[in-house]
Amino acid sequence: MSEEKKTLNFIEQIVEKDLLENKHGGRILTRFPPEPNGYLHIGHAKSIVLNFGLAQKYGGKTNLRFDDTNPTTEDVEYVDSILEDVRWLGYSWNGDAVYASDYFEQLYEFALALIKKGLAYVDDSSAEEIAAMKGTPTEPGIESPFRNRSVEENLDLFERMRTGEFGDGQKVLRAKVDMAAPNMHLRDPLMYRIKKARHHRTGDKWNIYPMYDFAHGQSDSIEQITHSICTLEFEVHRPLYEWFIQKLEIFPSRQIEFARLNLSYTIMSKRRLLKLVEGKYVSGWDDPRMPTISGLRRRGYTPESIRNFADRIGIARRENVIDVSLLEFSVREHLNKIAKRVMVVMDPIKMVITNYPAGQNELLDSVNNPEDDQSGSRQLIFSNTLYIERDDFMVEPQKGFYRLGPGLSVRLKDAYKVTCENFVLDEATGKVKEIHCLYHPDSKSGQDTSSVNVKATIHWVDVNSAVNMEIRLYDRLFLDEAPDGHKDKDFLEFLNPDSLKVIQGKAEASLKDATTHDHFQFMRMGYFCPDPDSSTEKLIFNRTVTLKDAWQKQKGKN
RNA sequence: UGUCCCAUAGUGUAACUGGCAACACGUCUGAUUUUGGUUCAGAAGAGUCUAGGUUCGAGCCCUAGUGGGACAACCA
């Protein structure tokens, strides 16, 4: 509703200019091209929001295309998770999902065309020989002895590569560009390699598979993608991307690069994430500590919060490291609006109200979400025996502590004010075992006529009706701001040993009915959601994120 | 001893060539609050990597330097 005039990022500027010039007849078609060799992470979310968001904004569409040209690392498990994650983020792609492998036949024809033009050749050199002849970024390469085979011979050999006559690595098809080019990618790049591997979609049909450079751009072109947006590391591939399009005389998709997302205290490399999974450092790709979409989902992040995050971080071409606190801000912002407030005591200590009749119960009304008048209210059971949070009581309250201590008073949320008159120590441990309080009958919530002064309101749960709950407290997975930024140290050295703490709490009875897609605010503690492992017999909740805590901060300063 | 990309508050992202460089997060005040949450009000924090140049005028243009990044996988 409130139309803020937002400035355009550089890609939107390009798009608007193209639209103004009526390039492609005003048509906008982007694509999101994951390789199905891992799970999507928050960095991919940035790209998804960019590609789908751009199309939405300018009346275009977005293809979901799997870049599945390397059968040895790819798998349907990944395809399925990617489809689910993109959908969950709230996007619908143009028609059915497509696959680079759908174009293998067409790509093969393109290769033949290049061979016929004398722009591609079959090379018998080994991988090592090719690497040696490539030169280095500072020295030109040298031409392969096979570079000048006849068109007929190339056609024949390439055909036989396809039929499986040669073994893996015996021959490759290369583009004939320029072995002295300063850009290494122009030094006769490989177009096809022999790989006798079963492909997750084409099975054993192919013995040769195209390389990224000869698949991605051509797929864009086949689909008539107008703006092919990728990350900065592909920038050096752009001249080749354009060379193939030009020589093949096919639809001129335009490649535009932007800087990938880096998050502090997080790793984003698929290879390293895979290592965390395979090394069992986490419970799986969807472990709530993982920066994967599935991990964030299980952690309790909402699609909205991730989209808002992606919008906020912006799009540019310079390397960046986003502070995780911005991601956390984005979830809190959304969850604050939608999460139902409930009371859960995470580290229980018993409170007995000595002047409240034993055995008596009272139902008290509690608003579900003060931020949402549609959310209604529910009833809480109150009695003379409650659990309160151990941290809400101090035997000798320190300066600035507004909660409970001997002689001090607090309000019990939605109930009465109480004053602490006594406490009982556990002889064995020396820890406080029980707190005795007096309640003020005339201080009931909403009809308070007492003049008792309290500085704080604390949460509580009735002992008899409370339900047990396993609570998984997640913290950042790494202790270092840039776990993979140390050349001399492995990122695993920075794993946070306390990234997961499992505790047993006491929850109000209403939580028995929670379902997996619910989000809650445990009053004063944070945002939580039921884990998929949770059941009515055994409640298991994950902490999405804590609440901002001014008290923690103040304590840290003292 | 190469080519290309990048350089604005702590972190990100803005700024039609010319009102004291804006916004968000973070930080710090204060108010409100039956969540030490939310909300609200306010503050501090950069003079735009450096040096030249063009211009009446440059964060925006040019040159050089400096710093950071990318590029030599039969990965994408």
Side-chain angles (χ1 to χ4, degrees), chain A residues 4 6-9 33-35 37 67-70 72-74 100 123 126-127 130-132 134-141 168-174 181-185 187 190-195 208-209 211-213 215-216 230-239 257 259 264 270-271 309 311-330 332-333 336-337 341 343 367 370-371 400-403 410-415 417 443 445-446 448 454-459 521-527 546-555:
Chain A
E4 279 181 52
K6 261 189 87 185
T7 49
L8 303 177
N9 65 49
E35 184 191 7
N37 69 344
D67 228 337
D68 56 349
T69 57
N70 185 4
T72 52
T73 57
E74 295 155 5
D123 195 333
S126 68
I130 289 176
K134 259 227 160 119
T136 70
T138 56
E139 298 165 79
D168 285 15
Q170 284 186 359
K171 285 179 168 45
V172 291
L173 183 72
R174 293 229 253 169
N183 182 333
M184 298 289 290
H185 294 277
R187 321 246 259 230
L190 269 59
M191 293 166 59
Y192 272 92
R193 76 288 216 186
I194 298 171
K195 233 186 223 283
I208 55 173
Y209 292 94
M211 300 288 292
Y212 168 83
D213 284 308
H216 197 97
C230 61
T231 46
L232 245 30
E233 66 268 29
F234 292 101
E235 184 173 357
V236 282
H237 293 250
R238 194 182 344 125
E257 312 87 20
S264 60
K270 271 200 226 173
R271 221 194 87 249
F309 170 74
D311 278 336
R312 254 187 278 258
I313 59 179
I315 300 296
R317 282 176 68 85
R318 72 172 138 163
E319 303 284 340
N320 60 83
V321 182
I322 306 291
D323 202 319
V324 272
S325 65
L326 185 61
L327 217 212
E328 295 175 345
F329 166 80
S330 300
R332 287 197 188 102
E333 177 188 49
N336 176 50
K337 289 187 200 125
R341 271 61 171 171
M343 296 204 272
V367 169
E371 306 288 325
F401 183 77
Y402 328 146
R403 280 109 90 169
V410 291
R411 169 171 291 286
L412 296 173
K413 174 72 183 167
D414 294 321
K417 289 174 181 169
S443 68
S445 241
D448 183 2
V454 299
K455 277 177 125 170
T457 297
I458 65 171
H459 60 281
Q521 184 195 99
F522 291 0
M523 284 267 213
R524 308 203 303 131
M525 305 309 293
Y527 294 100
T546 59
L547 251 29
K548 276 213 311 202
D549 191 344
W551 170 241
Q552 273 304 332
K553 210 179 277 179
Q554 197 192 319
K555 272 204 304 193

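Each chain gets a letter, A, B and so on, in the order the sequences are listed, and its residues count up from 1.
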Inset, instruction - Scan nucleotides 70-76 of chain B nucleotide by nucleotide, 5' to 3', and note B when protein non-hydrogen atoms come under 4.0 Å of the base, S if they reach only the sugar-phosphate, - if neither. - result: -SB-BSB
Inset, instruction - Using only heavy-atom distances, decide whether a donor-acceptor pair under 3.5 angstrom links the side-chain of A:Gln554 to the base of B:rG36. - result: yes
Inset, instruction - In whole angstrom, give the distance that lies between atom CZ of A:Arg317 and atom C1' of B:rC5. - result: 6 Å
Inset, instruction - Please state the P separation for the pair B:rA58 and B:rU48 - nearest whole angstrom. - result: 12 Å
Legend entry - Distance in angstrom units between A:Leu327 CG and B:rU13 P, rounded: 16 Å
Legend entry - Straight-line distance of A:Met525 CE to A:Thr546 OG1, nearest 0.5 Å: 9.5 Å
Legend entry - Atom pair CD (A:Glu35) and OG1 (A:Thr69), whose distance is rounded to the nearest 0.5 Å: 6.5 Å
Inset, instruction - Tell me what A:Phe329 touches on the nucleic acid: a base, only sugar-phosphate, or nothing, going by heavy atoms under 4.0 Å. - result: sugar-phosphate
Legend entry - Note, A:Trp551 side chain near A:Arg403 side chain (heavy atom, < 4.5 Å): yes
Legend entry - Any donor-acceptor N/O pair under 3.5 Å between B:rG69 base and A:Glu235 side chain: no
Legend entry - Test side chain to side chain contact (heavy atoms under 4.5 Å, CB included) applied to A:Met343 and A:Ile458, step by step: CA-CA 10 Å; A:Met343 296 204 272; A:Ile458 65 171; over 6 Å; no
Inset, instruction - Kindly say if A:Lys548 contacts the phosphate of B:rG36, meaning a side-chain N or O under 4.0 Å from OP1 or OP2. - result: no
Inset, instruction - Using atom NZ of A:Lys413 as one end and atom P of B:rG36 as the other, report the distance to the nearest whole Å. - result: 9 Å
Inset, instruction - Mind checking the CG-CG spacing from A:Leu173 to A:Leu190? Nearest 0.5 Å is all I need. - result: 8.5 Å
Inset, instruction - Treat a base pair as Watson-Crick or G-U wobble with both distances under 3.5 Å, then lay out RNA chain B in dot-bracket form, 5' to 3', with | for cross-strand pairs. - result: .((((((..((((....[...)))).(((((.......))))).....(((((..]....))))))))))).....
Inset, instruction - Classify the side chain of A:Glu371 versus the base of B:rU39 as yes if they form a donor-acceptor pair under 3.5 Å and no if they do not. - result: no
Inset, instruction - Determine the contact category for A:Gln521: base if any of its heavy atoms lies under 4.0 Å from a base atom, sugar-phosphate if only primed atoms, P, OP1 or OP2 are that close, otherwise nothing. - result: base
Inset, instruction - Give A:Gly141 one of three labels, base, sugar-phosphate or nothing, depending on what nucleic acid heavy atoms sit under 4.0 Å from its own. - result: nothing
Legend entry - Proximity to the side chain of A:Arg341 - top-ranked nucleotide from B:rU35, B:rG12, B:rA24: B:rU35
Legend entry - Phosphate OP1/OP2 of B:rU27: any A:Lys553 side-chain N/O under 4.0 Å: yes
Inset, instruction - For B:rC71 versus B:rA64, give the span between their P atoms, rounded off to a whole number of Å. - result: 25 Å
Legend entry - Side chain to side chain, A:Leu326 and A:Phe309, heavy atoms closer than 4.5 Å: yes
Inset, instruction - Could you check whether A:Tyr527 gets within reach of a base, just the sugar-phosphate, or nothing at all, counting any heavy atom under 4.0 Å? - result: nothing
Inset, instruction - Find out whether A:Ile322 and A:Leu327 are in side-chain contact, i.e. whether some heavy atom of one side chain is under 4.5 Å from a heavy atom of the other. - result: no
Legend entry - Integer angstrom distance from the P of B:rA9 to that of B:rA14: 14 Å
Inset, instruction - Name the nucleic acid region contacted by A:Gly526, choosing base, sugar-phosphate or nothing; use a 4.0 angstrom heavy-atom cut-off, strictly under. - result: nothing
Legend entry - Note, A:Arg174 side chain near A:Arg187 side chain (heavy atom, < 4.5 Å): no
Inset, instruction - Spell out yes or no: do the side chain of A:Arg403 and the base of B:rG36 have one donor N/O and one acceptor N/O closer than 3.5 Å? - result: yes
Inset, instruction - Can you tell me, in whole Å, how much space there is between the C1' of B:rA7 and that of B:rU13? - result: 14 Å
Inset, instruction - Starting from P on B:rG12, measure out to CD1 on A:Ile322 and report it in whole angstrom. - result: 6 Å
Inset, instruction - Working to the nearest 0.5 Å, report the span between CD of A:Glu257 and NE2 of A:His237. - result: 10.0 Å
Legend entry - For atom CE of A:Met523 and atom C1' of B:rU35, their distance in whole Å: 5 Å
Inset, instruction - Kindly indicate whether the side chain of A:Leu547, heavy atoms from C-beta on, has any atom under 4.5 Å from the side chain of A:Phe522. - result: no
Inset, instruction - To the nearest 0.5 angstrom, please state how far the CZ atom of A:Phe234 sits from the NE2 atom of A:His185. - result: 9.5 Å
Inset, instruction - Looking at every strand, decide which applies to A:Leu412 at a 4.0 Å heavy-atom threshold: base, sugar-phosphate, or nothing. - result: nothing
Legend entry - Interatomic distance at P, B:rU38 relative to B:rA72, whole Å: 47 Å
Legend entry - Gap in Å between the two P atoms, one belonging to B:rC49 and one to B:rG67, rounded: 16 Å
Inset, instruction - Measure the distance from CZ on A:Arg411 to P on B:rG36 and round it to the nearest whole Å. - result: 13 Å
Inset, instruction - Measure the CG-OG1 distance between A:Asp68 and A:Thr73 for me, rounded to the nearest 0.5 Å. - result: 10.0 Å
Inset, instruction - Determine the interatomic distance between C1' on B:rG30 and the same-named atom on B:rG47; round to the nearest Å. - result: 29 Å
Legend entry - C1' atoms of B:rG45 and B:rG10, separation to the nearest Å: 9 Å
Legend entry - Torsion-based syn/anti label for B:rG47, 90° from 0 as limit: syn
Legend entry - Given RNA chain B, 5'-ward residue of the pair A:Asp549 and A:Arg332, judged by closest heavy atom: A:Arg332
Inset, instruction - Assign A:Val454 to base, sugar-phosphate, or nothing according to its heavy-atom contacts below 4.0 angstrom with the strands shown. - result: nothing
Legend entry - Nearest-Å distance for atom pair NZ/P, residues A:Lys455 and B:rU32: 13 Å
Legend entry - Closest-nucleotide 5' rank along RNA chain B - winner of A:Ile313 and A:Leu547: A:Ile313
Inset, instruction - Take the protein atom CG of A:Asn320 and the nucleotide atom P of B:rG10, then report the distance between them rounded to whole Å. - result: 17 Å
